[in-house]
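Here's the structure, in C-alpha cells; my notes come after.
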Amino acid sequence: MAWETVIGLEIHSQLATNSKIFSGASTTYGAEPNTQACAVDLGLPGVLPVLNEEVVRMAAMFGLATHSTVAPRSVFARKNYFYPDLPKGYQISQFELPIVHDGYLDVELEDGSSKRIGITRAHLEEDAGKSLHENFMGKTGIDLNRAGTPLLEIVSEPDIRSAKEAVAYMKKIHSLVRYLGISDGNMQEGSFRCDANVSIRPLGQEAFGTRAEIKNINSFRFVEQAINYEVERQIMVLEGGGEVVQETRLFDADRHETRSMRSKEEANDYRYFPDPDLLPVELDEAYIAAVRESLPEMPDAKKARFVSEHGLSEYDAGILTATREMADYFEAAAQVAGAAGKLTANWVIGELSAALNRDDCDISNSPVSADMLGGMLLRIEDGTISGKIAKQVFEAMWQGEGSADEVIDKQGLRQISDAAAIEGIISDVLDNNPKQIEQYRGGQVKLFGFFVGQVMKATQGKANPKQVNELLRKLLDG
Amino acid sequence: MSLDASDVEKIAHLARLGINVDDIPGYARNLSDILSFVEQLNSVDTTGVEPLAHPLEATQRLRPDVVTEGNNREHFQQVAPETESGLYLVPQVIE
C-alpha cells in the first residue's frame, strides 16, 4: 500500500534576552550551577512573576515576519506537572490565547519548488531547569540556571509531507529567528530544538492517522533521521496488522531509532488554567506598527535584491542569504570591491567558505574580514593580481600576514602586465623549447598549454594570463 | 457531574497525593458536590461574553530587560535539604 507521511513541528527557540522571562536573573549560558537562579526561578513562596518587555517585542517581530496575527490580547496559563527541575509544579506558558497565531512561511524545496507551511501559533513560555543523573550517590542533581529562560514555541500546521520538507522548514525558521536577532539559534546549547509529530495515512485518505511525538531533537540531521525511522516503524506496525499508539518517543542519535518514552498510565493531563499571577498582555495598533517598522530585511526580500542589485544567480543569492551574517559579509565585501557582485559571491561561496569549513571557523570571526576580502578583490579587478595569485594572497591573509596590499608588496606578487617584459620572457621560453615549437606547428595544438605553463613558471605565476595568451598566440601562430 | 473512585485516584496521582483507600468514597462525594455547585454557572447564557482571564480590569505591566538579580546561591541553598557542587540534590528521578 502507498502511504502518505503527515508531519507537524513544534520548534522551541530560546529568545536572546539578557534577563529571564519573569525575573531579573541572567540568561548567560554556561554559568556555575544555580548561580543564575533567583527566588522567582526557584519558585519560593511569595514571589511574583513580572513579564520582560523584550520577549513581547521579539514574539511580535516573529509574528509579523511570518504573516501571522499578533494578538491584541494574550493570556498566560499554568501547565501543571511534577518534575524536580520545575520547582513551582507548573510551567508558565500560553494556552487558549497565544501571542501569535495563524501565519505561514514559504519554504524552498530541493527540486526548486516552493511550499507554503502554515504556522498555527507561536506562544511564550519559560524553560525548565536541568536534571543531572550521574554520580550523586543515587540522587539527581538539579541546576535551575535555565529555569525561566524565555522560549518561543512555534507550532506548525500538519502541512509537512516528508523528512526533507521538515528539515527545510526548520532551517527556514532557524534562519528567520537569527535574521530577526531574536534568538542565537545555537543548537549545541539547546537554544533551538524541536518536537516532531509524525503520522502516516493511506495515500488519498482524508483523515489523519494516529501520531507519535518525537521529543527534543536538536539538529537538522537528527530531524531527518528521526522522522525517516519513525515513518518506517509506523508502516511496519500498520502493515503487520497492528495499530500505532499515540505516545511520546525519544530519538536515540547513537542507534538512529526512536523509542517509547512514557508508559500510558502516565497519560499527560496538564490541567491548564489562566495564571492568576499575570494579567492579560494587551498590544495596541501603534505598538504593533512600531515593531513592524523595526523589522530588518527578511531573507526572501534580501535574496531577490541580491539577484537584481548584484546580478547574482538565484542559487548563489540563496546561499549568501542563508544566514544574516553571511549576507552582511557579502554586502560589505562587495562594496569595498567596487560593487563586483559576482566576483565577490564566487569568493565568499568558494574560497572563504572552504577555509571557514576547513578551520571550523564562524564567518563572524573570520580571520579574513569582509574589508580585507573586498580589498583583495579590488586588486583582481584593477589587474594588480590574477585570480590565481589571489588564492595565494588570500591564504596569506588567512594566516594573519596583513592586508592584501601588504601581502602583495611583501611577497612581490604584483602582476606583470608590461607587454615588453612578457614578450621577453616568452622569447626565452620559446628559445629553450625548439622541439615543442616544431611539434606545435606540426599540429599538436594542445602544446599551447605547455607554453603558457612555462611562462607562468618563469614568472612565478605573476604574468597577466590574458596578455600571455595573446602574445603567445601572436608569436607562435603569427 | 459525579466522580467515581477511579477519577479520584487519577486526580490524587496527578497532584502526587497519597490517599487512604477507605477515604475514596468520601472524596468522590465531596468533589462531586463541589462540581455540582460550580455547575450552576452553566445555566447562565454567556453568548457574546468575552472569557475572563483575570478578575482585575487591568493589563500586564512589563519590566525592562535588565539583569537585576545577582548570585545568591549560598543564601538560597541554606534551606535546601541537600546540595552538592552547587546542585540541589533530590531523590533519583530516572529509572
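Chain identifiers are assigned alphabetically (A, B, ...) following the order of the sequence lines, protein sequences preceding nucleic acid strands; residue numbering begins at 1 within each chain. Basis for what follows: all heavy atoms, side chains included, without hydrogens, waters or symmetry-related copies.
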Which atom of [X] lies closest to which atom of [Y], heavy atoms considered:
X	Y	answer
A:His133	B:Gln92	O-NE2, 3.9 Å
B:Leu87	A:Asn34	CA-ND2, 3.6 Å
A:Leu279	B:His54	CD2-ND1, 3.4 Å

Is it the side chain or the backbone of [X] that comes within 4.5 Å of chain B heavy atoms, both, or neither?
X	value
A:Ala31	neither
A:Ile21	backbone
A:Lys20	backbone
A:Pro280	both
A:Phe22	backbone
A:Val50	both
A:Val56	side chain
A:Ser23	backbone
A:Leu42	side chain

Task: NZ/NE/NH1/NH2 to OD/OE distance under 4.0 Å, A:Arg73 and B:Glu50 - done: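 Salt bridge flag = yes for B:Glu50 with A:Arg73.
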
Task: Salt-bridge present (A:Lys139, B:Glu82; N to O < 4.0 Å) - done: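 B:Glu82 and A:Lys139: salt-bridged.
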
[X] [atom1]: over 12 foreign heavy atoms closer than 6.0 Å:
X	atom1	value
A:Glu285	CD	no
A:Arg292	CZ	no
A:Glu189	CD	yes

Task: Atom pair CG (B:Leu14) and CZ (A:Phe82), whose distance is rounded to the nearest 0.5 Å - done: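 Here the interatomic distance stands at 9.0 Å.
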
Open item on the list: With rounding to the nearest 0.5 angstrom, report the CG to OG distance, A:Leu132 to B:Ser85.
Closed with: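 Going from the CG atom of A:Leu132 to the OG atom of B:Ser85 covers 10.0 Å.
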
Task: CA sep, side-chain torsions, deciding dist, call: A:Glu32, B:Arg73, side chain to side chain contact (heavy atoms under 4.5 Å, CB included) - done: CA-CA 10 Å; A:Glu32 283 292 301; B:Arg73 182 172 79 182; 4.1 Å; yes

TODO: Side chain from CB out, backbone as N, CA, C, O: work out which of these in B:Pro51 comes under 4.5 Å of a heavy atom of chain A, or both, or neither.
DONE: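 For B:Pro51, backbone heavy atoms alone lie under 4.5 Å from chain A.
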
Open item on the list: Can you tell me which portion of B:Val90 sits under 4.5 Å from chain A's heavy atoms? Options are side chain, backbone, both or neither.
Closed with: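 Answer is both: backbone and side chain atoms of B:Val90 are under 4.5 Å from chain A.
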
TODO: Dump the intermediate steps for side chain to side chain contact (heavy atoms under 4.5 Å, CB included) on B:Phe76 and A:Leu44, then the final yes or no.
DONE: CA-CA 9 Å; B:Phe76 289 134; A:Leu44 294 183; 3.7 Å; yes

Relative to chain B, which of [options] shows the most heavy atom pairs under 4.5 Å?
options	answer
A:Ser131, A:Gly89, A:Gly141, A:Ala77	A:Gly141
A:Lys130, A:Gln36, A:Glu54, A:Glu96	A:Glu54
A:Val75, A:Leu278, A:Val55	A:Leu278
A:Cys38, A:Pro274, A:Ala37	A:Cys38

TODO: State whether a side-chain donor-acceptor pair under 3.5 Å links A:Ser19 with B:Arg63.
DONE: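 Per modelled atom types, A:Ser19 and B:Arg63 side chains form a pair under 3.5 Å.
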
- [ ] Answer yes or no: is there a donor N or O on one side and an acceptor on the other, between the side chain of B:Asp65 and the main chain of A:Asn52, under 3.5 Å?
- [x]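 The answer is no, because no donor-acceptor pair under 3.5 Å joins these two groups.
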
Task: Option that, when pairs with chain A are counted at under 4.5 Å, heavy atom only, ranks first among B:Asn72, B:Leu62, B:Leu52, B:Leu56 - done: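 Greatest number of close heavy-atom pairs with chain A: B:Leu62.
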
